[in-house]
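Computed from a prediction, not measured in an experiment: that's the story for all the values here.
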Amino acid sequence: EKQETWMEKCEGLNLLRRLLVHHMSSISEDLKTVCDAAVNEVGNLRSSVSRLAILFLGDLYAELPRAMEKHLVVTVAALQRKSGAEASAFIREDVDRALGVMVYSVHPVKSLGALLPTADSKISHVR
């Protein structure tokens with residue numbers, strides 16, 4: 001089995017972002033798998049891959065808010081973990097932007113439920 005390079009992962013994430021815009025049903029049909037793949041790449045140590053995964057989650061929140069409500073706990077936790085572990089300001093800003101889109105797009109009770117588990121985080125930026 002061939003290991004994907006970081007460039008291939010970037011190409012794949014960009015393809016997913018284009019599919020979401022132009023062929024939304026192809027993404028929404030298997031949203032759990034798509035979310036799991038994005039969450040996996042949010043934690044990637046290569047910032048270009050991680051950043052595209054973060055942006056993609058923001059796109060998902062904006063384009064499929066109702067469908068994404070089922071995946072909030074997992075996706076928000078991944079974003080918050082990345083924000084807490086990340087020293088790069090641009091990654092933290094992307095995470096903040098994606099979470100802002102989530103809060104704006106999904107039902108308020110759902111967004112609160114996804115955000116509350118980290119309210120007592122030791123990392124001030126996550127709180």
Side-chain angles (χ1 to χ4, degrees):
E1 179 179 316
K2 183 181 156 242
Q3 179 88 15
E4 281 185 302
T5 68
W6 67 270
M7 289 182 289
E8 290 169 331
K9 290 181 179 199
C10 287
E11 289 172 14
L13 286 162
N14 278 322
L15 176 62
L16 286 172
R17 292 183 78 197
R18 286 193 301 274
L19 279 171
L20 181 62
V21 172
H22 300 291
H23 302 285
M24 192 178 301
S25 63
S26 63
I27 297 291
S28 60
E29 287 173 1
D30 199 9
L31 191 55
K32 182 182 180 340
T33 303
V34 170
C35 285
D36 289 346
V39 162
N40 190 43
E41 296 308 333
V42 164
N44 195 302
L45 296 177
R46 178 72 71 161
S47 62
S48 53
V49 175
S50 179
R51 189 172 198 199
L52 284 171
I54 292 164
L55 295 173
F56 180 54
L57 286 177
D59 295 344
L60 287 170
Y61 296 139
E63 299 298 325
L64 298 168
R66 300 269 302 168
M68 283 300 290
E69 288 179 356
K70 294 179 209 143
H71 308 284
L72 287 182
V73 172
V74 173
T75 57
V76 168
L79 290 170
Q80 289 179 317
R81 268 193 312 276
K82 185 64 175 183
S83 180
E86 187 59 48
S88 303
F90 72 95
I91 292 286
R92 285 196 313 266
E93 289 168 7
D94 288 338
V95 169
D96 287 348
R97 197 173 302 114
L99 290 173
V101 170
M102 182 274 297
V103 168
Y104 181 78
S105 301
V106 305
H107 191 279
V109 172
K110 302 281 187 183
S111 66
L112 193 58
L115 291 168
L116 276 178
T118 56
D120 61 349
S121 174
K122 293 178 181 161
I123 303 167
S124 62
H125 183 75
V126 172
R127 279 194 310 264

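No more than 12 heavy atoms of other residues, nucleotides or ligands sit less than 6.0 Å from atom CG of Leu45.
One finds the CG atom of Leu20 at 5.5 Å from the CD atom of Glu63 (value rounded to the nearest 0.5 Å). A distance of 13.0 Å separates CG of Leu55 from CG of Leu16, quoted to the nearest 0.5 Å. We find the CG-CG distance between Asp59 and Leu19 to be 12.0 Å, quoted to the nearest 0.5 Å. In this structure, NZ on Lys82 lies 11.0 Å from CG on Asp94, to the nearest 0.5 angstrom. To the nearest 0.5 Å, the span separating CE on Met102 from CG on Leu115 amounts to 4.0 Å. Annotation: the span from Leu52 atom CG to Glu11 atom CD amounts to 11.0 Å, rounded to 0.5 Å.
Nearest heavy-atom pair, Leu72 versus Ser111, reported as atom, atom and distance to 0.1 Å: CD1-N, 4.1 Å. Nearest heavy atoms, Arg51 versus Ile91: CB-CD1, 3.9 Å. Contact detail for Ala38 and Ala53: the closest heavy-atom pair is O-CB, 3.6 Å. Nearest heavy atom pair, residue Pro65 against residue Ser105, reads CB-O, 3.4 Å.
Residues Trp6 and Val39 do not share a hydrophobic cluster, defined by chaining ILVMFWY side chains whose heavy atoms lie under 4.5 Å apart. Residues Leu112 and Val73 fall into different hydrophobic clusters, defined by Ile, Leu, Val, Met, Phe, Trp and Tyr side chains chained together at heavy-atom separations under 4.5 Å. Hydrophobic clustering, with ILVMFWY side chains joined whenever heavy atoms are under 4.5 angstrom apart, groups Ile54 together with Phe90. Linking ILVMFWY residues whenever their side-chain heavy atoms come closer than 4.5 Å, directly or via other members, places Ile27 and Leu15 in the same cluster.
Pairs of residues two or more places apart, or lying in two chains, that qualify as side chain to side chain donor-acceptor pair (under 3.5 Å) and include a residue from residues 64-79 are Tyr61-Thr75. Residue pairs that meet the side chain to side chain donor-acceptor pair (under 3.5 Å) test with at least one member in residues 21-30, sequence neighbours left out, are Asp30-Thr33.
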Checking side-chain contact (heavy atoms from CB on, under 4.5 Å) for the pair Val95/Val42: CA distance, chi angles, key distance, verdict?
CA-CA 10 Å; Val95 169; Val42 164; 6.0 Å; no
Is there a salt bridge (charged side-chain N to carboxylate O under 4.0 Å, His left out) between Lys32 and Asp36 once you walk through the steps?
CA-CA 6 Å; Lys32 182 182 180 340; Asp36 289 346; 2.8 Å; yes
Should Leu64 and Met24 be marked as a side-chain contact (heavy atoms from CB on, under 4.5 Å) after you check the CA-CA gap, both sets of side-chain angles, and the distance that decides it?
CA-CA 9 Å; Leu64 298 168; Met24 192 178 301; 3.3 Å; yes
Could you give me the CA-CA distance, side-chain angles and deciding distance for Val34 and Phe56, then say whether side-chain contact (heavy atoms from CB on, under 4.5 Å) is met?
CA-CA 10 Å; Val34 170; Phe56 180 54; 3.3 Å; yes
For Cys35 and Val74: C-alpha separation, side-chain torsions, deciding distance, then whether side-chain contact (heavy atoms from CB on, under 4.5 Å) applies.
CA-CA 9 Å; Cys35 285; Val74 173; over 6 Å; no
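Not counting sequence neighbours, Asn14 has no partner by the side chain to side chain donor-acceptor pair (under 3.5 Å) test.
No side-chain donor-acceptor contact under 3.5 Å links Ser50 to the backbone of Gly43.
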